[in-house]
Amino acid sequence: MEVTPDLLTPYKMGKFDLAHRVVLAPLTRCRSYENMAQPHNTLYYEQRAAPGVFLIAEASAVSETATGYPHVPGLWSQEQVEAWKPVVDAVHAKGALFFCQLWHTGRKKSHTADFGAPPKLETEEIPQMVMDFRVAARNAIKAGFDGVEIHAANGFLVNQFWWFMDIGRVNSSQPLHLDHFTKDNQLNVNDGSSLDNRCSRLATDVIAAVVDEVGAHRVGVRLSPFARYTDCSEADAEAHALHLVHFMDKLGVLYCHMVEQGKCVNGNTGKLAIPHRLSPFRKVFKGTFIVNGGYDRQEGEKVVRDGYADLVSYGRLFLANPDLPERFRKKVDLNKYDRSTFYTSDPVVGYTDYPFLSQEAQVA
């Protein structure tokens, strides 16, 4: 008799065996000084690692111009590769699976004195950006990561091109090609369609390049199809996202990590609820499907039982509860997260000082 899976049942993601369906979502923490992983970064991830747990590291910049925010890690240099190695080793020593998210912030940058409005892009710069993602993916594997997640969400660079935002003098009607890769694999992705050429060209090129570099079995992609950054209609948003998910599926990408639309009022209960609008993407994508956005334990259990998702990623809850899966298992109260410390640069406060259940028991 087949057992209905729930949030805490094991799952096989490609070649990786997971102990349960609870995933650490990537969270920018702004504590990697000089764009280098630090000893306190090691402690942070080690605290949340355990046998069979899937952790996705905070976004690492693919180039020096991709950072956008202070004290974010990078993966464009050998020195950064060496800095990440102790972090990865500590996570693996605890028996966890570790992927690294890769990003370029594009024009969405922190507006401080050091991170002002980015310069306009020239068309000839774009192929180099694709290459930057390829090199960063290669460096992530050199550092020991099990794989990489491409950040194509939340209005950052890849997402900006996806929504054909006006980021300078880029002619979005001109396609970028990785013909040697797509032709060799007989993928009908450079077919000249308006969606293919206009809305997701950079995204498909970046994904194809990273897959070519490290293998589809090591690649995930994060998308936020309902986040609005332009005047695109809701119908356009879904069509663009479905186009990209189709492409990912053809390439055999390991997982699709999608952010839910923001909570809205349920007409029946009058309470805020997750709208659960990701089913069309779930049906298209044959690999592992991960959902994110406002989930608690009960909601996570429900979507896994219903087959709406394979895995559920938690950001703020996993931040404040380094032993989140164990707390879910025991159905105990959770620590509350402190928003005021989310992006401070303190190496301890709001970072590695959230207590475990065992520490709370000792205090009691």
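One is the number of the first residue; the rest follow in order along the sequence.
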- [ ] Please tell me if the side chains of Leu334 and Arg297 come closer than 4.5 Å, counting only heavy atoms from C-beta onward.
- [x] no
Open item on the list: Side chains of Glu260 and Tyr295: any donor to acceptor distance under 3.5 Å?
Closed with: yes
Open item on the list: Closer than 3.5 angstrom, by distance alone: can the side chain of Asn35 be matched with the main-chain N or O of Glu64 as a donor-acceptor pair?
Closed with: no
Open item on the list: Looking at Lys85 and Asp89, is any side-chain nitrogen of the basic one under 4.0 Å from a carboxylate oxygen of the acidic one?
Closed with: no
TODO: List the atom of Thr341, the atom of Gly350, and the distance in Å for their closest heavy-atom pair.
DONE: OG1-CA, 3.4 Å
Task: Contact check, side chains of Phe281 and Pro225, non-hydrogen atoms, under 4.5 Å - done: yes
Open item on the list: Tell me if the aromatic rings of Phe328 and Tyr314 count as close, with their centers under 6.0 Å from one another.
Closed with: yes
Task: Aromatic centroids of Tyr337 and Phe342 separated by under 6.0 Å - done: yes
- [ ] Check whether Phe289 and Val253 end up in the same hydrophobic cluster, where Ile, Leu, Val, Met, Phe, Trp and Tyr are linked by side-chain heavy atoms less than 4.5 Å apart.
- [x] yes
TODO: Using atom types as modelled and distance alone, determine if a side-chain donor or acceptor of Glu149 lies under 3.5 Å from a backbone N or O of Arg222.
DONE: no
- [ ] Output yes when a side-chain donor or acceptor of His20 lies under 3.5 Å from a complementary backbone atom of Pro325, and no otherwise.
- [x] no
Task: Minimum heavy-atom distance between Ala49 and Ala96, given as atom pair plus value - done: CB-CB, 3.8 Å
Open item on the list: Do Thr9 and Arg21 have side chains that approach each other closer than 4.5 Å (heavy atoms only, starting at C-beta)?
Closed with: yes
Open item on the list: What I'd like to find out is whether the side chain of Phe54 reaches to under 4.5 Å of the side chain of Phe99, using heavy atoms alone.
Closed with: yes
Open item on the list: Nearest 0.5 angstrom please: Asp310 CG to Leu18 CG, how far?
Closed with: 10.0 Å
Task: Between NZ on residue Lys283 and CG on residue Asp249, distance to nearest 0.5 Å - done: 15.0 Å
Task: Neighbour count >12 (heavy atoms, 6.0 Å) for atom NZ, Lys12 - done: yes
Open item on the list: Has Arg218 got a side-chain atom pairing as donor or acceptor with Val148's backbone, closer than 3.5 angstrom?
Closed with: no
Task: Asn292 side chain vs Val259 backbone, donor-acceptor pair below 3.5 Å - done: no
Open item on the list: So does Phe98 get a backbone contact from the side chain of Asp146, meaning a donor-acceptor N/O pair under 3.5 Å?
Closed with: yes
TODO: Can you spot which of Val72, Thr67, Ile150 makes a side chain to side chain contact (heavy atoms under 4.5 Å, CB included) with Trp103?
DONE: Val72
Task: Minimum heavy-atom distance Arg29-Glu58, with the two atoms named - done: N-OE1, 3.7 Å
Task: Working for side chain to side chain contact (heavy atoms under 4.5 Å, CB included), residues Asp346 and Tyr351 - done: CA-CA 8 Å; Asp346 193 290; Tyr351 192 55; over 6 Å; no
TODO: Considering non-hydrogen atoms only, spot the tightest contact between Ser313 and His257 and give its length.
DONE: OG-NE2, 2.8 Å
Task: Rounded distance (nearest 0.5 Å) linking atom CD of Gln101 with atom OG1 of Thr28 - done: 7.0 Å
Open item on the list: Ignoring hydrogens, what is the shortest heavy-atom contact between Phe16 and His217? Give both atom names and the distance.
Closed with: CE1-O, 3.8 Å
Task: Check: Ser32/Asn41 side-chain N/O donor and acceptor closer than 3.5 Å - done: yes
Open item on the list: Looking at Glu82, I'd like to know if its CD atom is crowded, meaning that more than 12 non-hydrogen atoms belonging to other residues, nucleotides or ligands lie closer than 6.0 Å.
Closed with: yes
Task: Side-chain (Tyr44) to main-chain (Pro347) donor-acceptor, under 3.5 angstrom - done: no
Task: Hydrophobic cluster identity match, Val284 and Val291, side-chain contacts under 4.5 Å - done: yes
- [ ] Write down the atom of Ala90, the atom of Thr42, and the distance for their closest heavy-atom approach.
- [x] CB-CG2, 3.5 Å
- [ ] Compare all side-chain heavy atoms of Val245 with those of Arg282 and state whether any distance is below 4.5 angstrom.
- [x] no
Open item on the list: Are there over 12 heavy-atom neighbours, none belonging to Lys94, within less than 6.0 Å of that residue's NZ?
Closed with: yes
Open item on the list: So that I can tick it off, tell me whether Asp323 and Arg329 are bridged by a salt bridge, with the cut-off set at under 4.0 angstrom between side-chain N and carboxylate O.
Closed with: no
Open item on the list: Could you check whether any side-chain N or O of Asn335 sits under 3.5 Å from a backbone N or O of Asn321, counting only pairs where one atom can act as donor and the other as acceptor?
Closed with: no
Open item on the list: Please evaluate residues Gln38 and His71 with respect to the criterion side chain to side chain donor-acceptor pair (under 3.5 Å), reporting the C-alpha separation (whole Å), side-chain torsions for both, the decisive distance (0.1 Å), and the verdict.
Closed with: CA-CA 10 Å; Gln38 303 290 325; His71 307 309; over 6 Å; no
Task: Joint hydrophobic cluster, Trp76 plus Phe145, side-chain heavy atoms closer than 4.5 Å - done: no
Which pairs would a plain distance check flag for residues 135-142, meaning a side-chain donor or acceptor within less than 3.5 Å of a matching protein atom at least two apart in sequence or in another chain?
| residue | atom | partner | partner atom | Å |
| --- | --- | --- | --- | --- |
| Arg138 | NE | Glu213 | OE2 | 2.8 |
| Arg138 | NH2 | Glu213 | OE1 | 3.4 |
| Asn139 | ND2 | Leu75 | O | 2.9 |

